**Q** 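Here's a structure for you.
Since this is a predicted model, take the numbers as computed values, not measurements. Letters go in sequence order (proteins before strands), and every chain restarts at 1. No hydrogens, no waters, no symmetry mates; every other heavy atom, side chains included, goes into these values.
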Protein chains: 2
Amino acid sequence: MTYPGRRSYDEGCIAAHALDLVGDRWALLVVRELMLGPRRFSDLRAGLPGVSANVLARRLEEMEAAGIVIPAARGYALTPAGEGLWPVIRALAAWGARQPGHDPARFISPTALMLSMRVTCARARAGTHLVEMRAGEEIFTIATAPGSYGVTRGPGRTAPAGLVFAGGTNALAAAVYGAQPLAEVAAAGMIAFRGDAAEGQGFLDLFALPPPQPAGST
Amino acid sequence: MTYPGRRSYDEGCIAAHALDLVGDRWALLVVRELMLGPRRFSDLRAGLPGVSANVLARRLEEMEAAGIVIPAARGYALTPAGEGLWPVIRALAAWGARQPGHDPARFISPTALMLSMRVTCARARAGTHLVEMRAGEEIFTIATAPGSYGVTRGPGRTAPAGLVFAGGTNALAAAVYGAQPLAEVAAAGMIAFRGDAAEGQGFLDLFALPPPQPAGST
DNA sequence: CAGAATCCCCACCGATACTG
DNA sequence: CAGTATCGGTGGGGATTCTG
């Protein structure tokens, strides 16, 4: 019921305090899954195939106590504090992309792909696109413009998307980050594409996973 | 010796990959301690009083295998990949500072204080200061200018510092982040101060821990 | 079907003692 | 000082079951 002996770093350091709240196994990945909107318990399990039900339930309970997650009509949602973890996840993703050992053949959740694209998009070069991405059963809408990038769960509410990509999440990830041209990927049936071919290729060209190397300071 | 069964999230997600590398307990706090330069095993233990010797040894071994840490002449140092974790730690600290439950009376390592100041400094308002901070046995030099902030371990190499603060790390943290004026803090003997009083106060005024609340998007 | 509760097992964590 | 050895405790992973 309650977890009195919750393990703490017992430091005054604010980073250690953050890790006291979201440093447990799976915690930040649960936040990742909630980042684009509320999810049911079973949605979370689908997006995190490695987590067991009891651990997930406990994480949700703990994060609810910490004010990070809140029960919502359709499952669980992030509180503003939980949404504030986006810079943490973004920094982890940006760093993780540069570390060797990453294997894109392993399971990628639809939400994880959408967030990785939000991290890696070269916004400065972006044209204006309205894109629908169908990753398995899940639908997302991406809107780009020079310098800006937005993604929401669900089909676009205002206008029909000019570009539509559909397929398994890993196949979509390969199309987005791989070197193979869209025409070939679509022709091979790996993913389905609808829209202007040149615009579709231009959209995909915005995304790249950097190879190993540099860092940032300050 | 080796850890064949190392637990992995087994996902293609780049954030999950990052957590596979630095998600273990203590890992990011070890990186924190190394962030301002190499440290010996015993230095790390002093900065992380909660970690036991075997766990610390194992983390160092694992992080060395992951290319994050490297044995150095004087202990352990970060590789470029390890230094690249600064944005992660910065984001955690910025978020953690806004979460309730933070207790600045608990142990704060000298390195942790220096990094928290680097995170919370209002650079835009910064004047030009050269500051020596003596936190317990450890000495750091901070150089600020409008829009910029730098901290290095050790006494300044070029010019003598105009401001010198000395005391226990927690007392320094209280002086930096508390509301009490420098004159009172120094008069009460909580910390020692040398330099121009008004400039010293102006320097301390650059730092503040935000109360709970907002978030960031993108 | 959603999700909570319970079981067992094991890897990891944490503390102490020990060694070169 | 810089770790290693050992051992008990705990939290995570998996499966099963119960309830609404």
**Q** Send over the distance from B:Arg58 CZ to C:dC12 P, rounded to a whole Å.
**A**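 For the pair B:Arg58 CZ and C:dC12 P, the rounded distance is 6 Å.
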**Q** With a 4.0 Å cut-off on N to O distance, would you call A:Glu33 and A:Arg45 a salt bridge?
**A**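 Looking at A:Arg45 together with A:Glu33, the answer is no, because their closest N to O distance does not fall below 4.0 Å.
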**Q** Ignoring hydrogens and geometry, is there a side-chain-to-backbone donor-acceptor pair from A:His17 to B:Pro100 under 3.5 Å?
**A**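 Judged by distance alone, yes, a pair lies under 3.5 Å.
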**Q** Under the 3.5 angstrom rule, does the side chain of B:Thr120 hit a backbone N or O of B:Phe207 as a donor-acceptor pair?
**A** no
**Q** Would you jot down, in residue-number order, the residues of residues 27-44 of chain B having a non-hydrogen atom under 4.0 Å from DNA chain D?
**A**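 Under 4.0 Å from DNA chain D: B:Arg40, B:Phe41, B:Ser42.
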**Q** What is the nucleic acid contact for A:Arg45, judged by heavy atoms within less than 4.0 Å: base, sugar-phosphate only, or nothing?
**A**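 The residue A:Arg45 makes no contact with any strand.
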**Q** On the nucleotide D:dG3, are OP1 or OP2 found under 4.0 Å from the side-chain N or O atoms that B:Tyr76 carries?
**A**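 Result: yes.
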**Q** Counting distance alone, no hydrogens or angles: does the base of D:dG11 have a donor or acceptor under 3.5 Å from a partner atom on the side chain of A:Asp24?
**A**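 Check fails, no donor-acceptor contact within cut-off.
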**Q** Salt-bridged, B:Arg59 to B:Glu62, with N to O below 4.0 Å?
**A** yes
**Q** Is the phosphate of C:dG14, meaning OP1 or OP2, less than 4.0 Å from a side-chain N or O of B:Arg25?
**A**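 Answer is yes, contact under 4.0 Å.
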**Q** How is B:Gly50 classified with respect to the nucleic acid when contacts are heavy atoms under 4.0 Å: base, sugar-phosphate, or nothing?
**A** sugar-phosphate
**Q** Touch check for A:Ala57, heavy atoms < 4.0 angstrom, all strands: base, sugar-phosphate only, or nothing?
**A**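 Sugar-phosphate contact only - A:Ala57 comes under 4.0 Å of backbone atoms but never of a base.
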**Q** Measuring to OP1 and OP2 of C:dG14, would you say a side-chain N or O of B:Trp26 lies under 4.0 angstrom away?
**A** yes
